[in-house]
There are 2 protein chains.
Amino acid sequence: MGDEAKHPVKATARTLEIIAALKQLNWAGVTELAERLDTSKSVVHNHLSTLEEHDYVVKGEEGYSIGLRFLEMGGYRRNKMTLYRMGKPEVDALAEETGELVNIAAEEHGQCVYLYRSRGAQSVHLDIHAGERAAMNTTALGKSMLAYMHDDRVNRIIEDGPLPAATEHSYADSEALREELAATRERGYAIDDEERLEGLRCVSAPIRQDGEVLGAISVSAPTNRLKGDRLEQTVPDKVVSAANVIELNSVHS
Amino acid sequence: MGDEAKHPVKATARTLEIIAALKQLNWAGVTELAERLDTSKSVVHNHLSTLEEHDYVVKGEEGYSIGLRFLEMGGYRRNKMTLYRMGKPEVDALAEETGELVNIAAEEHGQCVYLYRSRGAQSVHLDIHAGERAAMNTTALGKSMLAYMHDDRVNRIIEDGPLPAATEHSYADSEALREELAATRERGYAIDDEERLEGLRCVSAPIRQDGEVLGAISVSAPTNRLKGDRLEQTVPDKVVSAANVIELNSVHS
DNA sequence: AAATAATTTTCTATCATATAGAACAAAATT
DNA sequence: AATTTTGTTCTATATGATAGAAAATTATTT
C-alpha cells in the first residue's frame, strides 16, 4: 500500500471500499453493502450509480459487480511496461520449456506485484493472478528484486512494511533477510525454499536496466520436482538466461 | 456508458476524471492535471494521494500514473466470466489454426467490450486491447451478439446509444441495422465488411447459453485474405465451430 | 554552488455536497 | 393477493471537498 494520504478525500475512499467489497462478494446488493460498510443504503446507491455511469460497476440480476472498465485501465498500465511487453514471450517460452509455472513481477509500493504468468504442461495450480500482491520477503521474485535494488529503497521497504512470515521458512527477520539478499547477490538468483507455501520452491532472477531493477522472472514448482541438479543448475540457468534476454530486448524501447 | 446517476457523488466523479486523464497522459504532474481538469492543485493532490494509498495510482519520476490495482480488479472480473475461462483456449487455438487475429467480447452497457485476443502468425496488428469498447453496430462481434439478444434489450441498445458510422459501410441507420441483424440470424454468423475499418473484414459467431448471449468470438483479417471461399465457408465454419465448443464447455460451470 | 523558478505538498476557511434517515417504489417471497 | 425485502428517490444538516495561499521541496538556471 502507498503511504497514508494527509488529506484524504473520504468520499473517494468510501468508493474504493465499495469496490473492494464488490470484489470480495463478487455480486452484492445495496442493502448488503450498506450493512457491511456500516453506512446508509442511499450512500451506497449514490456511489454505485456514479461508478456505473463510468463503467466501473455493472448491475446484474444478483446486484452489482465490478465492471470491465478496470480491465481497460489495468491492461493499459501493463502494456505501457516494457517489462511486460518484452517479458511475456520469454515467460511463455520458459513455461513451455520447463513445463512449470513461470511468472514475471514488478515492485510497486514496496510490494511484489505479479504481472503475467504462464503455465507449462505439468505446472502447479496456484490461485495467484495478475495484479495481485505479495510481500517482497516471501517470494523469490521479491527477493531477487530486493537483492539488486538501491540500498535506500531496500531499507525503506524492509523498515516500513512488516515482514510477514508465510511459512516456517520465511525470512521474517530483518537481519536474516539482509543476509539472504547478500547470498542472493552472490548466487546471482533468488531461491524460495517453501518460504511462501509449503511444498513449493521457486527460482527467480532480476531483470535490470542500467542499474535499475525493472522486475523479476521466476519458475515455481513442487519441491519434489525442483531439487538436486534441476534446482542448482538447470532451472537457474534457464531463468537467468531468460532474464538476460528480456534485459537485452528492453534496451530497444 | 451506463445511465446517468440521479445523485452522483461528485468527488467520486472527480476521481474518475483524474484517472481518465492519467490514462490519456500516461504520466502527469499535479499542476498539469489541475489545469486540464480546471480545478485547484490541492484538490488534485488530495485525490491522487487517496488513490495512491490504495494502489490505484503510483508516483514516479515523471509524476503520477495509473497503478497496478486496476490490473487486479480487471483481471479478477474477467476471470469470473465463464466466457473468458472457456473461451481463451479456443481463441488461442483458432488463432493458431487460421493465422489471423481472433477476439472474444461481451456486451456491457450496450457496448461491445473486448475480453481477450490472440494473434495468429500472420495476423493484422490492431491497437485494440482487452477492456476496450466499441459500438455494437460497428463490429461483427457486436452484430452477432445483437442478432441473438432479446428484442427488448436490442431495442434499448439501438435506441439509447447513437449508432456511429466508423466507415462508409457501417450500419449507422436503425432500420438497415435491423435488417442486417435478420440476415445475420439467417446466416448464423455476422460479417463485418470494412464497416469498422477500411480494408478489414471480420467474421463472428455468438456464444450462447440457454437462450442468453454470453458474448461472441471473431476472426479479423485484411479484406484480400478474407474473401471467396475463405470468407464464405472455411473461416465461418471454424468460427461457428469454436463458438459451439465454448458453449458446450460453458455448460459445466 | 547560489539563486531562481517551478512544482508539489500542507494548511485553513467557507460553501458545496456527502451523508443519514425517511419515504416511496419495485421486486421477491409467501 | 399480501407481505416482506430490496432498491431508489428525496430532503435537511453537518461534514468535508474545495479553492487559494503559504510552505516545502525539487528542478533549472546563472
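A note on names: the letters A, B, ... follow the listed sequences, proteins ahead of strands, and every chain is numbered from 1.
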Participant: Look at atom CG of A:D151 and say whether more than 12 heavy atoms of other residues, nucleotides or ligands are closer to it than 6.0 Å.
Facilitator: no
Participant: Record whether the side chain of A:K41 comes under 3.5 Å of the base of D:dG7 through a donor-acceptor pair of N or O atoms.
Facilitator: yes
Participant: If each of A:Y64 and A:A11 is mapped to the nucleotide of DNA chain D with the nearest heavy atom, which maps nearer the 5' terminus, i.e. the 5' end?
Facilitator: A:Y64
Participant: If you check every side-chain atom of B:K10, which of C:dT17, D:dT18, D:dT8 has the closest atom?
Facilitator: C:dT17
Participant: Would B:T15 and A:T12 satisfy side-chain hydrogen bond (donor to acceptor under 3.5 Å, both in side chains), going step by step from the backbone distance to the final call?
Facilitator: CA-CA 7 Å; B:T15 294; A:T12 296; 2.6 Å; yes
Participant: For the pair made of CG in B:L37 and C1' in D:dA17, what is the distance, rounded to whole Å?
Facilitator: 15 Å
Participant: Name the closest nucleotide to the A:N46 side chain, picking from C:dT19, D:dT18, D:dC10.
Facilitator: C:dT19
Participant: Rounded to whole Å, how long is the line connecting atom CG of A:D3 with atom P of C:dT10?
Facilitator: 10 Å
Participant: NZ of B:K6 versus P of C:dA23: gap in Å, rounded?
Facilitator: 22 Å
Participant: Within this structure, what is the CD-to-C1' distance between A:E52 and D:dT8, rounded to whole angstrom?
Facilitator: 13 Å
Participant: Considering only C:dA18, C:dG21, D:dT18, which nucleotide approaches the side chain of B:V9 most closely?
Facilitator: C:dA18
Participant: Counting side-chain heavy atoms from CB outward, which of D:dT8, C:dT10, D:dT18 is closest to A:H7?
Facilitator: C:dT10
Participant: If I take atom CD in residue B:E32 and atom C1' in nucleotide D:dA27, what distance separates them, rounded to the nearest angstrom?
Facilitator: 16 Å
Participant: Could you state the CD-C1' distance from A:E35 to D:dG7, rounded to the nearest angstrom?
Facilitator: 13 Å
Participant: Between A:K59 and A:T12, just flag the one whose closest nucleotide in DNA chain D comes earlier from the 5' side.
Facilitator: A:K59
Participant: Check every atom of D:dA19, C:dT8, D:dG7 against the side chain of B:T31 and return the nucleotide holding the closest atom.
Facilitator: C:dT8
Participant: Rounded to the nearest Å, what distance is computed from the CD atom of residue A:E61 to the C1' atom of nucleotide D:dT6?
Facilitator: 14 Å
Participant: In whole Å, what is the span from the CG atom of A:L48 to the P atom of C:dA18?
Facilitator: 15 Å
Participant: Side chain of A:V30: nearest nucleotide among D:dA19, D:dG7, C:dA20?
Facilitator: D:dG7
Participant: Can you check whether A:H45 has a side-chain N or O nearer than 4.0 Å to OP1 or OP2 of D:dT6?
Facilitator: no
Participant: Indicate, with a heavy-atom threshold strictly under 4.0 Å, whether A:S49 touches base, sugar-phosphate, or nothing.
Facilitator: nothing
Participant: Heavy atoms from C-beta onward define the side chain here; which of D:dC10, C:dT19, D:dG20 lies closest to that of A:S42?
Facilitator: D:dC10
Participant: Quick one: does any side-chain atom of B:R117 pair with a main-chain N or O of B:L126 as donor and acceptor, under 3.5 Å?
Facilitator: yes
Participant: Determine the minimum heavy-atom distance between A:Y171 and A:A176, stating which atoms define it.
Facilitator: CD2-O, 3.8 Å
Participant: Just checking, any donor-acceptor pair under 3.5 angstrom between side chains of A:E52 and B:H109?
Facilitator: yes
